[in-house]
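Remarks on the structure that follows.
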Amino acid sequence: MLVLTPEEWVRQHVLHFLVEHKGFPATLIEVEKNIKLFNTEKRVDILTRTPQLKPLLLVECKAPEVKLGQNEVSQLARYQITLEAPYSFLTNGLQHFIMKHNDNKITYLDELPSYPEIVF
């Protein structure tokens, strides 16, 4: 059982979107994944993986009332450096930033590609 906080509401909607609309296999999605970051434990909201179990998409969810700014983007960037996922997604349910990471270059995307588009 989960407490339906505003952030959890966003996370559940993102999970639904990934599986039902973008074709991400539910079996390759981890929720609240613990990672080590600079000798501290952090928790990633959503991490999707390739069929080979490599990190693919890192998702950071915030409550709708949280304005997305540099602090939130920096938090996601720190997680991305650790996990080396080629895609990341920051959302508060109302505003979204979708990024593709390639050779230390970030490209902002208008839309998240589907799982088949980014895996194959």
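The side-chain heavy atoms of Leu90 and Val73, taken from C-beta on, include a pair separated by under 4.5 Å. Using a 4.5 Å heavy-atom threshold, the side chains of Ile118 and Lys100 count as separate. Between Arg49 and Leu56, the closest side-chain pair of non-hydrogen atoms is not below 4.5 Å.
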Walk me through it: do Glu60 and Phe89 pass the test side-chain contact (heavy atoms from CB on, under 4.5 Å)? CA-CA 6 Å; Glu60 181 63 26; Phe89 181 24; over 6 Å; no
What's the verdict on side-chain contact (heavy atoms from CB on, under 4.5 Å) for Val44 and Thr82, showing C-alpha distance, side-chain angles and the deciding distance? CA-CA 11 Å; Val44 173; Thr82 300; over 6 Å; no
Pair Asn71, Gln75 - check side-chain contact (heavy atoms from CB on, under 4.5 Å), show working. CA-CA 6 Å; Asn71 287 340; Gln75 176 189 7; over 6 Å; no
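When all heavy atoms of Leu58 and Leu83 are compared, the pair lying nearest together is CD1-CD1, 3.9 Å. Tyr115 and Leu28 make their closest contact through OH-CD1, 3.2 Å (heavy atoms, listed as atom of the first residue, atom of the second, distance). When all heavy atoms are compared, the tightest approach of Pro113 to Lys22 is O-CD, 4.1 Å. Heavy-atom minimum distance, Pro55 versus Pro86: O-CD, 3.3 Å.
Asn102 places no side-chain N or O within 3.5 Å of a backbone atom of Lys105 that could act as its donor or acceptor partner. Of the possible donor and acceptor atoms, none in the side chain of Lys33 sits under 3.5 Å from a partner among the backbone N and O of Ile46. Under a 3.5 Å cut-off, the side chain of Gln80 and the backbone N or O of Ala85 do form a donor-acceptor pair. At least one donor-acceptor pair closer than 3.5 Å links the side chain of Asn92 to the backbone N or O of Val66. In this structure, the side chain of His13 engages the main chain of Trp9 through a donor-acceptor pair within 3.5 Å. Put simply, the side chain of Thr40 never gets that close to the backbone of Lys36: no donor and acceptor are under 3.5 Å apart. One N or O on the side chain of Thr48 and one on the backbone of Leu57 form a donor-acceptor pair closer than 3.5 Å.
In the hydrophobic clustering of this structure, Phe24 groups with Leu109; members are Ile, Leu, Val, Met, Phe, Trp, Tyr whose side-chain heavy atoms approach within less than 4.5 Å, directly or through other members. Hydrophobic clustering places Leu76 together with Ile106 (ILVMFWY residues linked when any side-chain heavy atoms are closer than 4.5 Å, directly or through intermediates).
A side-chain contact (heavy atoms from CB on, under 4.5 Å) with Leu15 is found for one member of Val10, Val59, Val31 and no other, namely Val31.
Side-chain contact of Glu8 with Gln12: a donor-acceptor pair under 3.5 Å is present, judged by distance alone. Side-chain contact check for Glu117 and Ser114: at least one donor-acceptor pair (N or O, by modelled atom type) lies under 3.5 Å.
Counting heavy-atom neighbours within 6.0 Å of Glu111 CD, excluding the residue itself, gives a total of 12 or less.
Distance NE2/His96 to OG1/Thr91: 4.5 Å, rounded to 0.5 Å. Residue Asp110 holds its CG atom at 8.0 Å from CD1 of Ile98, rounded to the nearest 0.5 Å. To the nearest 0.5 Å, atom OH of residue Tyr87 and atom CE of residue Met99 are 13.0 Å apart.
Classified by interplanar angle (parallel below 30°, tilted 30° to 60°, perpendicular above 60°), the ring pair Phe97/Tyr108 is perpendicular. Ring planes of His16 and His21: perpendicular class, angle over 60° (limits at 30 and 60°).
Using a 4.0 Å cut-off between a side-chain N of Lys or Arg and a carboxylate O of Asp or Glu, Glu32 and Lys42 do not qualify as a salt bridge. Comment: Glu72 does not engage Lys62 in a salt bridge, judged by the lack of any side-chain N to carboxylate O separation of less than 4.0 angstrom.
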